[in-house]
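Residue numbers start from 1 in every chain, and the chains themselves are labelled A, B, ... in the order their sequence lines are given, proteins ahead of strands. Below, each value reflects all heavy atoms present in this structure, side chains not excepted, and no hydrogens, waters or symmetry copies.
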2 protein chains.
Amino acid sequence: MLQSVSATALPLAAFPAPSVPVVPRHRSGPQEFHPPRSTLFLQGYARDRQYRLVEGCVALSQLLPDGRRQVMDILGPGRMIGVWTSDTSRCTAETLAYALIEPVDGLSAGENEAALRDMVARAQALAMLLGRKTAMERVATAILDLAAQFVRPTRNRRRGTVCFHLHPTRGDLADWLGLTVETVSRCFTRMKRAGLIDFQQPEIVTLLKPDAIAHIAAGGTVTDTL
Amino acid sequence: MLQSVSATALPLAAFPAPSVPVVPRHRSGPQEFHPPRSTLFLQGYARDRQYRLVEGCVALSQLLPDGRRQVMDILGPGRMIGVWTSDTSRCTAETLAYALIEPVDGLSAGENEAALRDMVARAQALAMLLGRKTAMERVATAILDLAAQFVRPTRNRRRGTVCFHLHPTRGDLADWLGLTVETVSRCFTRMKRAGLIDFQQPEIVTLLKPDAIAHIAAGGTVTDTL
DNA sequence: CGGATTGTTGAGCCCGATCAAGGCTGGTGG
DNA sequence: CCACCAGCCTTGATCGGGCTCAACAATCCG
């Protein structure tokens, strides 16, 4: 039976890491290559058609009739596409970079459930972010998540710094984080000026102080971390 | 293979109706009765322990270390509790009214997946609401969802009006909708003054113009609907 | 009755939206 | 080769929706 226990605060500040294996398995068809900004529209596909993103970046989003957009997730290599298929969840999937995907069939019921639970966990993390976090916290959380998904093996880097390719545009990030382009841009600028991140082109981002960024994502202020 | 299709705007304004049957099945244990405001803390339970809410109301929420709360869902009769169990999703479940729950075991893999997909769909609907909707739209959406879940069979009612018991407090609603108590209260007052809803006690709400409320939830303004 | 909890209402402020302008980059065609 | 254009990004100025702070009413319960 259910019991009453006092709630313990868990690390819910960040997006949960996927529990599905990143190592490709269950391949059952030829890989497909899609150019950036192409729409992989998933609505109406049979339930058993699932893909794994091998390389690249895909955004899942929903559109309101009046054009307002909410990005539900940004997927990096190893993540599953199409688990949610069937008509219960209607997301548009769009590539944000050259994307290589491979069909994955024959997942066991357990693997399927695990993938679905990951989606629930990430959707709830997004809800927490959208409902209760400030703009800086949202951007910091997003940067950490994307850095984890898109780290590129770097060399000659100072200890503790991480460099990654930021595939989504400022506009995509805004639609993901419930903000506007301008606010996202301003947050990036602030973090850059604060010495937490660096970027010459807007797409190549280096985390200079990952811990400080995590601190902000968890609710600390920027000036705190300076 | 995935194909490129133009996106059609679907009715994503409202919370999706659950696809799991509301009719009790798979009972496998004695029903349990819980008083209002008792915490059914689900973290750490074995995966196979699931419940169905027979009567009453339960809120699922997450807490940030600093105390900020995000309610992830409000469950009414027929909804499943514990589908998400395992350590991927950490929600606190709290009764908002006297709640009668019954253990449900032996769900088929398909039923389990359907329940999980419902959760994903509702979590994404919440993300859309939190990221892209105004306060009035959020409250209108919430009222419609709760009305659908908690309609009480009424008599002597004018056609088209719906009366229901609103179990969550203004504070619970605020934590669900990403607002403050004051804003929620003001939205209720505005809708009351606009003749869309009515309530004598804050907990017994009558929808006077459900269509107009749906119109607001979909993005229309209040003065539009007057 | 007094205290606690919840709901309502008002006044003022602030964070992030909106509006506007300009810079940078990449692609296309002359 | 450069001119032109279309996106994307940045930055500034201003606005406003919802938050904060505060006071008070209503209800419940001991």
Measure [atom1]/[X] against [atom2]/[N] and give the value in whole Å, please.
| X | N | atom1 | atom2 | value |
| --- | --- | --- | --- | --- |
| A/D172 | D/dC8 | CG | P | 8 Å |
| B/R68 | D/dT20 | CZ | P | 10 Å |
| A/L130 | C/dG16 | CG | C1' | 14 Å |
| B/Q200 | D/dA26 | CD | P | 14 Å |
| A/K133 | D/dG18 | NZ | C1' | 21 Å |
| A/F188 | D/dC9 | CZ | P | 9 Å |
| A/R190 | D/dT11 | CZ | C1' | 15 Å |
| B/I204 | D/dT27 | CD1 | C1' | 14 Å |

Which listed nucleotide ([options]) is nearest to the side chain of [X]?
| X | options | result |
| --- | --- | --- |
| B/R186 | D/dC9, D/dG12, C/dT9 | C/dT9 |
| A/S185 | D/dT10, C/dT18, C/dT8 | D/dT10 |
| A/F199 | C/dG7, D/dT10, D/dG18 | D/dT10 |
| B/P202 | C/dT8, C/dT9, D/dT11 | C/dT8 |
| A/E182 | D/dG12, D/dC21, D/dC8 | D/dG12 |
| B/T183 | D/dG18, C/dG7, C/dG16 | D/dG18 |

Bend angle of the helix from C/dC1-D/dG30 to C/dG30-D/dC1 from five-pair axes at both ends, rounded to 10°?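 End axes: 30° apart.
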Which residue lies toward the 5' end of DNA chain D, A/R37 or B/R138, if each is placed at its nearest nucleotide?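 Looking at DNA chain D, the more 5' nearest nucleotide goes with A/R37.
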Are B/E203 and B/H167 linked by a side-chain donor-acceptor pair shorter than 3.5 Å?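 The criterion, which ignores hydrogens and geometry beyond distance, is not satisfied for B/H167 and B/E203.
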Between B/T161 and B/T206, is any side-chain donor less than 3.5 angstrom from a side-chain acceptor?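 No, no side-chain donor-acceptor pair sits under 3.5 Å.
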Within this structure, what is the CE-SG distance for the pair B/M72 and B/C91, rounded to the nearest 0.5 Å?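 That separation rounds to 5.5 Å.
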Output yes when at least one side-chain N/O atom of B/T180 is less than 4.0 Å from OP1 or OP2 of D/dC19, else no.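 Checking D/dC19 against B/T180, a side-chain N or O does come within under 4.0 Å of OP1 or OP2.
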Is there a side-chain polar atom (N or O) of A/T134 under 4.0 Å from OP1 or OP2 of C/dC15?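 Answer is no, no contact under 4.0 Å.
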Once you apply a heavy-atom cut-off of 4.0 Å, does B/T169 come out as touching a base, just sugar-phosphate, or nothing?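 Sugar-phosphate contact only.
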B/Q31: which of B/R52, B/E102, B/E55 passes side-chain hydrogen bond (donor to acceptor under 3.5 Å, both in side chains):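 In the set B/R52, B/E102, B/E55, the residue that makes a side-chain hydrogen bond (donor to acceptor under 3.5 Å, both in side chains) with B/Q31 is B/E102.
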Got a sec, which residues hit salt bridge (charged side-chain N to carboxylate O under 4.0 Å, His left out) with B/E137, two or more places apart in sequence or on another chain?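 Scan of B/E137 (salt bridge (charged side-chain N to carboxylate O under 4.0 Å, His left out), adjacent residues dropped) gives A/R68.
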Could you list the residues that satisfy side chain to side chain donor-acceptor pair (under 3.5 Å) with A/R132, not counting sequence neighbours?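 Checked A/R132 against side chain to side chain donor-acceptor pair (under 3.5 Å); matches are B/D175.
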With a cut-off of 6.0 Å (strictly less than), are more than 12 heavy atoms of other residues, nucleotides or ligands near OH of B/Y98?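 Check fails, neighbour count at 12 or below.
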With B/F15, the side-chain contact (heavy atoms from CB on, under 4.5 Å) member among B/D73, B/L129, B/L144, B/I74: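 Answer to the side-chain contact (heavy atoms from CB on, under 4.5 Å) test with B/F15 among B/D73, B/L129, B/L144, B/I74: B/L129.
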